[in-house]
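The chains referred to below are lettered A, B, ... by the order of the sequence lines, with proteins before strands, and numbering in each begins at 1.
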Protein chains: 2
Amino acid sequence: MPAPAPRADREPLSRARVLDAAVVLADAEGLGALTMRRLAGELRCEAMSLYHHVADKNALLDGLAEVVVGEIAEACLDPGATAGSLDWRDVVRRRCLAARTVMHRHPWAPGLIAARSQPPPTVYPLFEALVATMVEGGCGYPLAHRAIHSLGSMLLGFTQELFEPAVDDEQARDEAAQDLAPTMPHLAHLAEVAVHEARGSLGICDTQAEFEFTLRLILDGLEAHRITR
Amino acid sequence: MPAPAPRADREPLSRARVLDAAVVLADAEGLGALTMRRLAGELRCEAMSLYHHVADKNALLDGLAEVVVGEIAEACLDPGATAGSLDWRDVVRRRCLAARTVMHRHPWAPGLIAARSQPPPTVYPLFEALVATMVEGGCGYPLAHRAIHSLGSMLLGFTQELFEPAVDDEQARDEAAQDLAPTMPHLAHLAEVAVHEARGSLGICDTQAEFEFTLRLILDGLEAHRITR
DNA sequence: TGAAGGATTCTTACGTTGTAAGGTTGACCT
DNA sequence: AGGTCAACCTTACAACGTAAGAATCCTTCA
């Protein structure tokens with residue numbers, strides 16, 4: 001097995017280093033400034049060298065979404081963020097606020113994530129933790145599921161079909177759920193429930209129903225404020 | 001004054017025709033397929049001809065956002081959409097659903113609108129109508145204002161600072177509010193109220209407070225569902 | 001009738017982008 | 001010493017947005 005052959009005269013490139021530099025560049029000058037040549041310049045290499053660490057520009061953007069959502073997940077799951085919270089609402093609330101401060105550092109992120117067809121896999125630990133908190137708080141899986149949809153825009157900055165096209169193939173979906181089970185037990189369970197509820201899995205939720213649910217939630221909340229004002 | 005000089009042998013171009021073709025193209029093949037040359041091809045002209053009707057590609061995208069939001073506003077304000085509604089919530093609910101069906105036809109729209117720094121002016125009639133409905137429903141301007149923020153993602157597909165950078169200059173803001181007054185009385189009034197409430201106008205809301213308000217709305221609504229399940 | 005004038009459209013050209021193809025380098029293992 | 005292979009660079013090309021200016025066409029007035 002050949003060992004890696006880093007040059008002695010400078011830090012070798014790597015997927016992580018490329019993505020980190022891309023995030024820094026996008027933060028500083030926006031997504032528009034993120035070109036392969038410019039990014040290479042920041043890393044003191046040539047554009048084509050980047051292609052050894054990311055497949056192409058699209059993969060680079062996928063990676064960016066992954067990194068940012070990962071940052072959000074990390075911030076949300078930091079125990080310090082929710083220390084001393086008793087109510088499940090308080091935990092979820094603080095997590096959403098933590099997500100927001102991360103998004104604030106990367107204003108280009110919502111648009112980027114929204115543009116990808118699939119949310120990056122780094123959302124799963126976050127959703128898993130949220131569902132866990134809610135279920136332990138007595139919400140039950142169906143409500144926790146709806147909550148994830150309702151909170152989507154608070155966590156990632158946009159609404160609209162969080163899990164849209166995904167997989168049409170039913171068997172592939174079942175396998176995906178199986179893969180999820182060991183590390184994401186709540187999400188796996190939620191997927192099962194969703195199958196019975198909306199004839200879809202994580203991949204195919206009844207987004208219309210979810211939309212209407214969230215809408216009613218907001219309107220009813222506003223009505224309550226109107227009455228007690 | 002020279003009259004327009006359209007060619008006899010074919011329909012002349014126009015800003016509206018360019019934008020319409022751009023919407024059709026984006027709907028069919030996505031925003032990525034929307035290039036000046038390609039769009040020109042659809043219109044059976046050369047790329048450079050487009051520049052007489054839109055300043056540049058960025059202006060084209062601005063125009064696209066304008067058209068889509070205009071479509072949304074039109075669908076929402078269609079009296080048929082809200083006929084027979086007594087409750088203000090029902091009116092607003094139906095408008096949001098109408099907005100959603102329009103967005104469904106233009107899946108690229110939320111990302112596009114979110115990417116522009118300012119929402120297109122075609123939102124104003126929509127917001128005006130929503131505020132009017134809510135105020136007449138007994139909500140009061142402060143609550144109607146919050147409602148617009150809370151409903152942002154239900155109407156346009158994304159959250160996150162609907163009116164972000166806008167104008168720093170205080171005088172310019174006052175003038176903008178003046179211009180609004182004749183056609184958008186409720187929005188103009190709302191802007192005044194916002195100045196006192198959050199030390200900002202339409203241009204500078206306390207987005208953090210709005211975010212937290214919406215978040216609590218959703219969480220409290222979910223909690224109510226938990227209890228009564 | 002026809003020439004001017006001005007809006008519209010097209011031609012050509014340039015710089016920048018993403019990336020395919022293939023050459024070069026240098027650390028490691030025999 | 002020489003071979004191997006990942007990492008990296010050079011060159012090249014098609015497609016993009018768009019600047020500059022020529023060509024085209026309708027209108028208007030002489």
Any side-chain heavy atom of [X] sitting closer than 4.5 Å to one from [Y]?
X	Y	answer
B:Leu77	B:Pro125	yes
A:Met134	A:His186	no
A:His149	A:Phe213	no

Salt bridge flag under 4.0 Å for residues B:Asp27 and B:Arg105: no
[N] [atom2] sits how many Å from [X] [atom1], rounded?
X	N	atom1	atom2	answer
B:Leu13	C:dC10	CG	C1'	12 Å
B:His53	C:dC10	NE2	P	11 Å
A:Leu43	D:dC9	CG	P	10 Å

Going by side chain to side chain donor-acceptor pair (under 3.5 Å), B:Arg95 matches just one of B:Thr133, B:Thr82, B:Asp78. Which one? B:Thr133
Inter-residue atom distance B:Ile148.CD1 - B:Glu210.CD, 0.5 Å rounding: 10.5 Å
Would one find a side-chain N or O of A:His52 under 4.0 angstrom from OP1 or OP2 of D:dC9? no
Per-nucleotide protein contact along nucleotides 10-20 of chain D, 5' to 3', at a 4.0 Å heavy-atom cut-off (B base, S sugar-phosphate only, - neither), is B-----BBBBB
